[in-house]
Undergrad: 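Structure below; questions to follow.
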Amino acid sequence: MATVEVKDVTKYFGSTQVLRDVNVSIADGEFVVLVGPSGCGKSTLLRMIAGLENITGGTISIGGRVVNTVPPKDRDIAMVFQNYALYPHMTVFDNMAFSLKLANAPKEVMEEEVGRAAKILGLGQLLHRYPRQLSGGQRQRVAMGRAIVRNPQVFLFDEPLSNLDAKLRVAMRAEIKELHQRLKVTTVYVTHDQIEAMTMADKIVVMNHGVVEQIGPPLELYDRPNNLFVAGFIGSPAMNMIEGKIEGGAFRTADGAAWPLPPNGSGARPAEVIYGIRPEHLRLDPAGVPTTVQVVEPTGSETQVVLRHGEASMLGAFRERIAARHGDVLPVMPDPELVHLFDKQTGRRI
Amino acid sequence: MNTTPTAVAAAPTRWTPPRREETWIGWLLDWKPFLIVMCLLPAVGLLTVFLTYPLGLGIWLAFTDTTIGRRGIWVGLENFIWLFEDPIFWSAVFYSVFYTAIATIGKFALGLWLALLLNNHLPIKSFIRAIILLPWIVPTVLSAIAFWWIYDPQFSIISYVFVDVLGWRDTNIDFISTAWPARWSLIAANIWRGIPFVAISLLAGLQTIPPSLYEAALLDGSTPWQRFRYITVPMIMPILAIVMTFSIIFTFTDFQLVYAITRGGPVNSTHLLATLAFQRGIPGGQLGEGAAIAVSMIPFLVFATLFSYFALARRKWQQGEAND
Ligand SMILES: Nc1ncnc2c1ncn2[C@@H]1O[C@H](COP(=O)(O)OP(=O)(O)OP(=O)(O)O)[C@@H](O)[C@H]1O
Ligand SMILES: [Mg+2]
């Protein structure tokens, strides 16, 4: 087990910059999730930690040792690829034992180590099969088994669940988390699915266009997003963003609606702001802003309603069942404590 | 004026696709045995006319004493008995096998090496790839003539370089005027000609190997040799087997190179079975005997085909549903 330290890392592919001054420090045994939209450089960063891409600038250290020039095999890491990268011509056993075989380990050691990993993952019955003869979830497990057999300092996962169907994904999510709790190996996990990130991570790194937008525990990102990007990316359904101005102790839109300001921080506020409310933080309140119902989507556990006030469209998620119809007027009000304000110019939280 | 509403009222009967009548033609076309026969007929016909007929005629001739201009009679195995006692025939058998074996080894060693090189990210890769196809694009006879010049006792460019330019030798190199040098020279020419086919086919095979397998092996701690040995080799085995089968067949039945460069000489030392068959049959006029030599190639080719049949049999790891 080891710490991972990413310091001022930049990456160029030719003349295109893919990562810019990335700083992430990962504690021993921590489960860190890199999350961000497609193409933001998550895989690139992971592959740089693995040693599969070279580092243009900055340093990456594993267990306190700078590994910039250390070849992948000497970094003591194991990686689970998105397509699993199982050797198709080897049985499950041989796939899992391959690293030991390369190191000329005796047969008993191979059997013992593979047996241990197979037991953890419930692969005992499948050891003599070829990857082609396995289901997606089983292949995924074999790929993890291959990583476990290595007994690495750090586990790297690159979107390991994206090829699975929704139900299996939820099951494997729990399985990977359980595995981590059991083995307590430092893990870096890449995904573009914020739910996966929220549910699995000790710490989330939100990336966008090659920059780290925010790093923090899942609930901190949810409660205090640093900027508009994180606010929009974390949380599902996504946060409502309304444009307007702060005037006379309230937030006012061009359409004349007045929303309450959060109590804290009455310091210097820019004139143009963006008002963020999560759908689940909107309440029905007779004294609230009158909005028109556009669409009602009952999911059973809650009712999601698309609301409109003038130009501003927003989503409300209510625990109570609402018998509203298109065109009805619902007065809504956010909990002022849970409102987020952002500078329209810089996108930063205020 | 009141007719429109009735028309509208009639419209709601929804359009349904007309039921297709069962005709005997439809029935016949649905009947599998008939379809199989119909679909196979053109292919079988073409094969019969253009493959089976000449092959059958050749085999028939092998059992007759036909010469050019005279219809032969059935002589049974006499041609083969003759051949059995003919040292030139046995020398051709030997050289055919030797030629095929050495040339195949050479082509595959160099072809695989080239393919591995081209599979890396070289700056001028596409240029090399285009160049590499040249020996294959040039008609064989043309390249044979080129080699004929290269191997010429007096005007050979190689001799010129070694003797006149570098001054490493005093005499011209003997390429094709004595038996063994001639044999090796022809093999070299055949390898030169065969490399593109092997290299390009194997390159295609190499490119089907997902790069992530190599990356996984890299993380698993493999050396370059181990990656070649445990990933590249098993993964290109299927295509290697096909390419090798074709290559063996083409090499064993080679004619043009040898005939254009040495005509089987000096003193019949470089005859392949194909050139010997032609020599005996056409210029020599002994059609029956030539045919018998050609027919005697069949067992070797059958062996090569069987080799392919077993080597190509789908490996176990390729079987099963691929659900990706
Ligand atoms: N070998 C390469 N050469 C040039 N550009 C590359 C290369 N690999 C990746 N890129 C670029 O780098 C950027 C980041 O790629 P990366 O694969 O890290 O994205 P990602 O965050 O993993 O996205 P996804 O969620 O789609 O996997 C992309 O814009 C991509 O086009
Ligand atoms: Mg990726």
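Everything numeric in this text was worked out from a predicted model, so none of it was measured. The sequence lines fix the lettering, A, B, ..., with proteins before strands; numbering per chain opens at 1.
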Undergrad: Can you confirm whether B:M235 sits close enough to A:P88 that some side-chain heavy atom of one is under 4.5 Å from a side-chain heavy atom of the other?
TA: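 Side-chain contact under 4.5 Å: yes.
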Undergrad: Who wins among A:K101, A:R129, A:Q82 for the most heavy-atom pairs under 4.5 Å with chain B?
TA: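 Looking at each option in turn, the highest pair count goes to A:K101.
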Undergrad: Go through it in stages, so that I can follow the logic: the residues are B:D220 and A:R150, the test is salt bridge (charged side-chain N to carboxylate O under 4.0 Å, His left out), and I'd like the CA-CA distance, side-chain angles, deciding distance and then a yes or no.
TA: CA-CA 8 Å; B:D220 274 341; A:R150 297 272 315 283; 3.6 Å; yes
Undergrad: Does the side chain of B:L219 reach to within under 4.5 Å of the side chain of A:F81, using non-hydrogen atoms?
TA: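 Yes, close enough: below the 4.5 Å cut-off.
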Undergrad: If you define the side chain from C-beta out and look only at heavy atoms, does anything of A:R47 sit under 4.5 Å from B:E215?
TA: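 Answer yes - side chains close enough.
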Undergrad: Which heavy atom of B:A217 sits nearest to which heavy atom of A:L102, and what is that distance?
TA: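 Smallest interatomic distance, heavy atoms only, reads O-CD1, 4.4 Å.
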Undergrad: Output the distance between atom CE (A:M79) and atom CG (B:L218), rounded to the nearest 0.5 Å.
TA: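 Reported value, rounded in 0.5 Å steps: 11.0 Å.
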Undergrad: Can you tell which part of B:Y230 gets under 4.5 Å to a heavy atom of chain A, answering side chain, backbone, both or neither?
TA: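 Contact with chain A: backbone and side chain both.
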Undergrad: Out of curiosity, A:Y87 OH to B:L213 CG, how far, rounded to the nearest 0.5 Å?
TA: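 Answer for the OH-CG pair, A:Y87 versus B:L213, is 7.0 Å.
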Undergrad: Side chain, backbone, both or neither: which part of A:L86 has a heavy atom under 4.5 Å from chain B?
TA: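 The backbone, not the side chain.
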Undergrad: Please check if the number of heavy atoms outside B:F197 that lie under 6.0 Å from its CZ is greater than 12.
TA: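 Count over threshold, so yes.
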Undergrad: Kindly give the heavy-atom pair with the smallest separation between B:A216 and A:R146, and that separation in Å.
TA: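 Result for this residue pair: CB-NH2, 3.6 Å.
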Undergrad: Which distance, rounded to the nearest 0.5 Å, do you find between the CG of A:N83 and the OG of B:S212?
TA: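 The distance works out to 4.0 Å.
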